[in-house]
Amino acid sequence: MSKTAGTVPDPSRWKALAFIALAQLMVVLDATIVNIALPSAQTDLGISEGNKQWVITAYALAFGGLLLFGGRIADLWGRKRTFVVGLLGFAAASALGGAAQGEAMMFGSRALQGVFGALLAPAALSLLAVMFTDAKERAKAFGIYGAIAGGGGAVGLILGGFLTEYLNWRWTFFVNIPFAIVAAAGAWFVIREPAGGRNRSPLDIPGVILSTLGLVSLVYGFTRAESAGWSDALTVGMFVAAGVLLLAFVVTESRVKSPLLPLRVLTERNRGGVYLSLGLAIIAMFGLFLFLTYYLQVVKGYTPVRTGFAFMPMIVGMITGSTQIGARLMTRVPPRLLMGPGFLLAAVGMLLLTQLDIDTSYAAVILPAQLLLGLGMGTAFMPAMSLATHGIEPRDAGVASAMVNTSQQVGGAIGTALLNTIAAGATTAYIADHAAGASDPKLLQLQAMVSGFAAAIWWAVGILVVASAIAVTLINTGRPGTGTAGPSGNAGESADGAEDEFRIPVVAH
């Protein structure tokens with residue numbers, strides 16, 4: 001690619017990537033590391049069965065609800081400063097969680113982690129977007145970032161197993177502190193944020209309030225449905241409130257002078273396709289993490305460490321899919337031909353898991369299913385992360401990065417709540433149907449639990465198929481740096497223009 005004035009790459013960009021990747025690993029890892037520790041923490045702190053999912057949901061609610069705000073703050077304050085503040089705050093919140101003495105302190109610390117995560121995650125992705133300007137280098141950088149975004153959650157399950165079994169569940173929180181301090185120190189000394197990319201417009205306070213309340217209402221509606229049912233007055237009220245608030249947010253953004261989320265970020269079909277398909281895929285994945293963790297520990301009797309290692313095939317698949325398939329092919333084929341088939345392959349892996357039973361063989365079913373899931377999601381994640389900032393102006397890089405994180409976090413919260421609700425309903429129905437002829441109540445309970453998991457996983461299969469269809473239909477850009485037009489044959493995608501879509505002007509500091 002020809003270098004033009006103003007596109008000189010930052011010489012410290014690869015060192016910066018190491019610290020950005022470390023921070024991303026910490027955030028993604030934290031979203032799942034607690035899953036393994038949850039049974040132990042629940043017993044220790046006396047958290048009720050009905051409240052246990054708030055350890056996961058409090059984090060996802062705060063994170064998902066405030067991400068747009070965090071992305072806008074990154075554009076306003078500067079991405080490097082926002083990144084470092086987010087890391088240090090995350091470390092402090094993690095220390096509070098590790099020291100928790102009751103459920104209120106635990107839920108509060110998780111929400112606080114979410115708040116600071118919402119600052120650092122969009123800052124990290126937008127720093128990558130403005131530091132890597134060459135199409136091939138960008139593909140490599142996002143390949144590494146995508147592998148961490150996809151595989152970090154599964155790494156969290158292994159690390160969570162070790163810490164819970166050999167130390168204490170509290171270390172699943174304390175482990176974040178060294179991660180955060182090293183990443184913050186490295187970022188402070190190594191990252192040189194390009195000048196001229198700030199968006200110093202005044203903050204859109206109505207947009208912040210409406211988007212946060214709307215997203216929180218949406219996620220809480222799904223969470224509430226699990227315990228109270230879909231017809232519960234408060235559940236329905238939450239969904240209605242979410243619809244009204246989010247609609248008011250869109251109307252507000254179309255009218256204010258300096259919107260929190262400029263609608264141009266969403267209406268570009270490629271970015272819109274990424275946000276939607278990625279959010280759906282994460283809904284499917286997050287529910288699965290919770291189900292498989294409980295299946296392996298409660299039904300199969302695995303220790304926390306063994307459970308963590310049981311997730312290894314998914315990690316291997318994700319890293320392989322992201323770095324060996326996604327990153328290598330991204331500059332050769334259009335992104336839709338990686339994302340669509342990637343989500344479909346993940347759906348095939350999920351389909352295998354609908355066969356779960358009490359005596360299901362790990363080697364025959366769970367291992368190949370995880371490999372397929374990992375390969376598919378890794379291949380799809382890589383171009384998705386890169387396309388999140390496709391053709392974006394530097395002043396919008398933070399909020400565009402926040403949108404991909406929002407689709408992931410809100411998807412994760414909805415996935416955990418929605419699939420849990422479906423599983424709980426199927427479990428109750430199974431017990432009602434089989435209680436009369438059951439001789440062993442404990443066996444019946446386990447059979448009912450597995451039946452519930454299988455029922456919810458069928459929904460996850462369907463969700464992944466829809467994600468694949470959306471990716472193939474909406475994403476029409478050609479491969480970066482070649483000018484290959486998408487099916488729409490956009491005249492603007494000339495050889496130079498296509499390259500420019502993936503080049504954000506960088507000015508030396």
Item to check | CG-CG distance between L17 and L22, expressed to the nearest 0.5 angstrom | outcome: 11.0 Å

Checklist entry - Looking only at heavy atoms, which two atoms of R336 and I475 are closest? And how far apart? => result CD-O, 3.1 Å

Next on the checklist: When you compare the side chain of L88 with that of V84, does any pair of heavy atoms fall below 4.5 Å?
Outcome noted: yes

Item to check | Minimum-distance pair of heavy atoms, taken over all atoms of L120 and M26 | outcome: CD2-CE, 4.2 Å

Item to check | Shortest non-hydrogen contact between L218 and F239, atoms and distance | outcome: O-CE2, 3.9 Å

Next on the checklist: To check you understand the geometry: which heavy-atom pair defines the closest contact between V55 and F107, and what is its length?
Outcome noted: CG2-CE2, 3.7 Å

Checklist outcome for this item: One should read off an interatomic distance between L112 CG and F116 CZ, to the nearest 0.5 angstrom, of 5.5 Å

Item to check | CZ-NZ distance between F19 and K15, expressed to the nearest 0.5 angstrom | outcome: 9.0 Å

Item to check | Candidate pair I422 and L419, rule side-chain contact (heavy atoms from CB on, under 4.5 Å), full reasoning | outcome: CA-CA 5 Å; I422 293 165; L419 296 180; 4.2 Å; yes

Checklist outcome for this item: Closest non-hydrogen contact found for A460 with A284 is O-CB, 3.7 Å

Checklist entry - Any donor and acceptor pair, going by atom type alone, linking the side chain of S468 with main-chain N or O of L464 inside 3.5 Å? => result no

Item to check | Sidechain-backbone polar pair: R110 side chain, A62 backbone, donor-acceptor under 3.5 Å | outcome: no

Item to check | Side chain proximity check, P206 to V256, heavy atoms < 4.5 angstrom | outcome: no

Checklist outcome for this item: In R72, K257, E253, the residue satisfying side-chain contact (heavy atoms from CB on, under 4.5 Å) with D204 is E253

Checklist entry - Distance from R81 atom CZ to L119 atom CG, nearest 0.5 Å? => result 12.5 Å

Next on the checklist: Is it the case that the side chain of N476 and the backbone of N270 share a donor-acceptor pair, with hydrogens and angles ignored and the cut-off at 3.5 Å?
Outcome noted: no

Item to check | Under 3.5 Å donor-acceptor, S211 side chain and V208 backbone | outcome: yes

Item to check | T252 OG1 to I209 CD1 distance, which is reported to the nearest 0.5 Å | outcome: 10.5 Å

Checklist entry - In Å and rounded to the nearest 0.5 Å, what is the CG to CE distance from L261 to M403? => result 6.0 Å

Item to check | Audit row: L87, W188, side-chain contact (heavy atoms from CB on, under 4.5 Å) steps and yes/no | outcome: CA-CA 11 Å; L87 279 165; W188 187 257; over 6 Å; no

Checklist outcome for this item: What one should report as the nearest heavy-atom pair of F174 and A95 is CE2-O, 3.6 Å

Checklist entry - Taking it one step at a time, do I282 and F381 satisfy side-chain contact (heavy atoms from CB on, under 4.5 Å)? => result CA-CA 10 Å; I282 294 291; F381 267 38; 3.5 Å; yes

Item to check | Criterion side-chain contact (heavy atoms from CB on, under 4.5 Å) on M285 and L373, from CA distance to verdict | outcome: CA-CA 9 Å; M285 285 295 289; L373 265 165; 3.8 Å; yes

Checklist outcome for this item: Residues at least two apart in sequence or cross-chain that pass side chain to side chain contact (heavy atoms under 4.5 Å, CB included) with A21, listed by chain then number, are I148

